[in-house]
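Just so you know, ligand 1 is whichever comes first in the structure, and atom 1 is the first atom listed for that ligand.
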Amino acid sequence: MSQKVRVRFAPSPTGPLHIGGLRTALFNYLFAKKHGGDFVLRVEDTDQNRFVDGAEDYIIAALNWSGIPFDEGPGKEGDFGPYRQSERKQLYQAYAQELVEKGKAYYAFDTPEILEHHRKDHESKGKTFIYNWHNRLKLTNSLSLSNEEVRAKIDAGEDYVIRFRSPENEKIVLNDIIRGEIHIDTNVLDDKVLFKSDGMPTYHLANIVDDHLMQITHVIRGEEWLPSLALHTLLYDAFGWEAPAFAHLPLIMKPVGKGKLSKRDGEKGGFPIFPLTWNQSQGYREAGFFPEAVVNFLALLGWNPGTEQEIFTLDELIESFTLERVNKSGARFDPEKNNWYNQQWLQKKSDAELAHLFASELTQKGIATETDYIEKVVSSIKERASFVTDFWELSDYFFQAPSSYNDKAVKKQWKEDTPEIMQQVITFLETLEDFESANIEELVKTWISEQGLSFGKVMPPLRLVIVGDMKGPHLFDIMELIGKNESISRIKTAIDKL
Ligand code: GLU
């Protein structure tokens with residue numbers, strides 16, 4: 001590639017970024033960085049009716065949180081700004097006009113009422129109304145009217161739109177990096193509106209003009225835009241511009257059943273589908289996902305590295321990513337797998353970082369503990385955790401004595417002679433000077449054999465009274481951490497209570 005790679009992510013600020021949108025942004029980012037190119041954010045806000053306040057800020061915050069910031073975009077002006085289409089609106093009309101002059105587009109005066117009438121009429125006959133070559137001469141436009149009539153209408157201030165004049169009887173070949181060649185008969189295309197009566201361009205015109213002016217070399221976007229590819233390719237031809245390369249990413253499918261992933265699937269399955277919380281919908285960030293994990297699982301949603309490797313840092317993704325390895329078919333969204341990715345990434349975090357995150361939860365619970373202690377706790381339980389929010393349940397007994405004991409375990413482990421044995425354990429523990437895990441273990445085990453007791457009589461009830469349950473890491477590690485006094489006190493409490 002001789003030309004500098006430039007890609008863009010071009011969301012419409014009509015709401016929060018869905019996880020599919022974030023994946024589109026990610027693939028653009030990976031491709032740009034792999035080729036030393038630029039990743040542009042362009043906000044496509046020409047449809048003022050669908051504009052949602054706060055959506056643009058949300059999109060930017062989501063990209064930043066994910067660790068895939070844009071190089072140029074709103075607030076980061078480069079050489080091709082402004083990057084919001086609403087701030088570029090004065091430039092589109094001339095391009096629409098240019099196509100009219102070249103005979104590639106035309107003025108159309110049909111009112112919305114007339115068009116609605118045609119639509120209904122067709123529907124009642126079981127047909128679909130398409131405005132194109134087969135009927136355009138019967139409709140009210142600059143192809144069917146004389147120049148004078150057209151002038152008169154425009155001068156009288158009549159509303160008009162500018163429509164693209166789709167070619168007749170042409171077989172065209174579209175190219176997509178992921179899907180290969182796609183053959184289209186232009187007769188199936190309709191004459192799409194390029195410029196609206198409100199003085200604003202439609203998505204199609206603004207998108208093409210901006211991709212051209214912003215020197216975009218590769219358009220990487222969702223499969224839902226594939227039906228627009230024919231029009232876009234024809235528009236590039238009509239302007240006489242070189243088209244960028246196109247890649248349409250596969251849809252993200254529901255965890256089960258048919259169809260694409262929706263907000264409702266998240267609600268039903270109890271998993272986020274937005275990167276950050278939006279209104280009532282919890283985001284990945286707030287659910288405790290690490291951005292590295294989100295980026296990692298999104299990358300493998302529709303792309304494969306061609307190896308068994310599953311865990312990738314962002315740099316490794318940049319290194320391995322190619323559009324050729326993006327799949328054509330839909331990618332099934334697997335919330336379990338997403339949790340697994342978070343579990344994997346959690347293990348990669350340092351104990352210090354995890355302890356820092358956990359500490360704020362502990363503070364909220366009114367527990368004030370040394371960071372050092374929290375780090376040791378985290379280190380002994382993190383293996384079992386997928387989220388920092390799992391920590392408390394896995395480690396509460398490190399911070400407070402059990403307030404109750406698991407009933408089933410009590411029935412099984414707490415026998416008639418257990419209080420007596422536990423009393424002896426206390427007496428023995430009191431003699432210990434060095435309360436370090438390996439040392440306690442060795443001495444307790446020797447003591448058990450000398451007393452002629454079995455491990456089963458001592459160890460399970462001991463765990464039960466220290467932890468309140470049969471769970472947790474190595475028991476002597478727990479005892480070392482909570483200390484001699486606390487260990488003994490917990491055994492005493494249990495003898496009293498049970
Ligand atoms: N504004 C379009 C969207 O909301 C952009 C599609 C494209 O990338 O061409 O997705």
Side-chain angles (χ1 to χ4, degrees), residues 5-32 37-52 54-56 58-60 62-63 68 70 72-74 80 82-89 92 164 174-179 182 192-194 196 200-236 239 241 243-252 260-263 273-275 278 298 302 323 326:
V5 165
R6 287 178 53 82
V7 298
R8 83 317 190 259
F9 176 50
S12 301
T14 54
L17 193 57
H18 169 279
I19 203 75
L22 186 60
R23 186 198 55 174
T24 300
L26 174 64
F27 284 19
N28 273 285
Y29 176 90
L30 295 176
F31 186 78
D38 298 325
F39 173 49
V40 177
L41 175 67
R42 185 173 71 231
V43 176
E44 302 210 323
D45 57 351
T46 52
D47 190 349
Q48 289 299 321
N49 297 326
R50 292 174 61 225
F51 182 84
V52 172
E56 181 188 304
Y58 177 98
I59 292 164
I60 294 175
L63 295 179
I68 54 168
F70 50 89
E72 287 165 37
F80 302 88
Y83 294 91
R84 273 184 210 103
Q85 287 185 331
S86 58
E87 291 167 20
R88 305 168 65 80
K89 61 180 172 212
Y92 302 111
F164 184 63
L174 312 176
N175 284 296
D176 183 279
I177 298 173
I178 298 165
R179 287 147 214 278
I182 302 164
K192 280 266 185 304
V193 174
L194 301 177
K196 296 180 284 184
M200 289 292 255
T202 58
Y203 152 73
H204 300 291
L205 179 70
N207 187 270
I208 293 303
V209 166
D210 286 345
D211 281 346
H212 172 70
L213 295 178
M214 294 182 179
Q215 294 179 15
I216 298 302
T217 55
H218 296 76
V219 169
I220 303 167
R221 61 186 174 190
E223 184 180 324
E224 63 274 27
W225 300 102
L226 195 56
S228 302
L229 182 58
L231 172 64
H232 293 183
T233 304
L234 289 168
L235 277 169
Y236 280 102
F239 280 116
W241 297 336
F246 288 95
H248 289 84
L249 307 176
L251 294 176
I252 300 182
K260 50 178 208 176
L261 180 72
S262 73
K263 190 171 160 219
I273 67 147
F274 297 133
W278 175 265
L298 279 182
L323 286 170
V326 174

Open item on the list: What's the separation between atom OG1 in T202 and atom CG in L194, rounded to the nearest 0.5 Å?
Closed with: 5.5 Å

Task: Contact residues of ligand 1, where a non-hydrogen atom lies under 4.0 Å away - done: R8, A10, S12, E44, Y203, N207, R221, W225

Task: Check: N207 side chain, Y203 main-chain N or O, donor-acceptor pair, under 3.5 Å - done: no

Task: Atom of L213, atom of F80 and distance for their closest heavy-atom approach - done: O-CD2, 3.3 Å

- [ ] Considering non-hydrogen atoms only, spot the tightest contact between D210 and R88 and give its length.
- [x] OD1-NE, 2.8 Å

- [ ] Would you please name every residue forming a side chain to side chain contact (heavy atoms under 4.5 Å, CB included) with A10, sequence neighbours left out?
- [x] R8, R42, E44

TODO: Decide, yes or no, whether a salt bridge links R84 with E56 under the criterion of side-chain N to carboxylate O below 4.0 Å.
DONE: yes

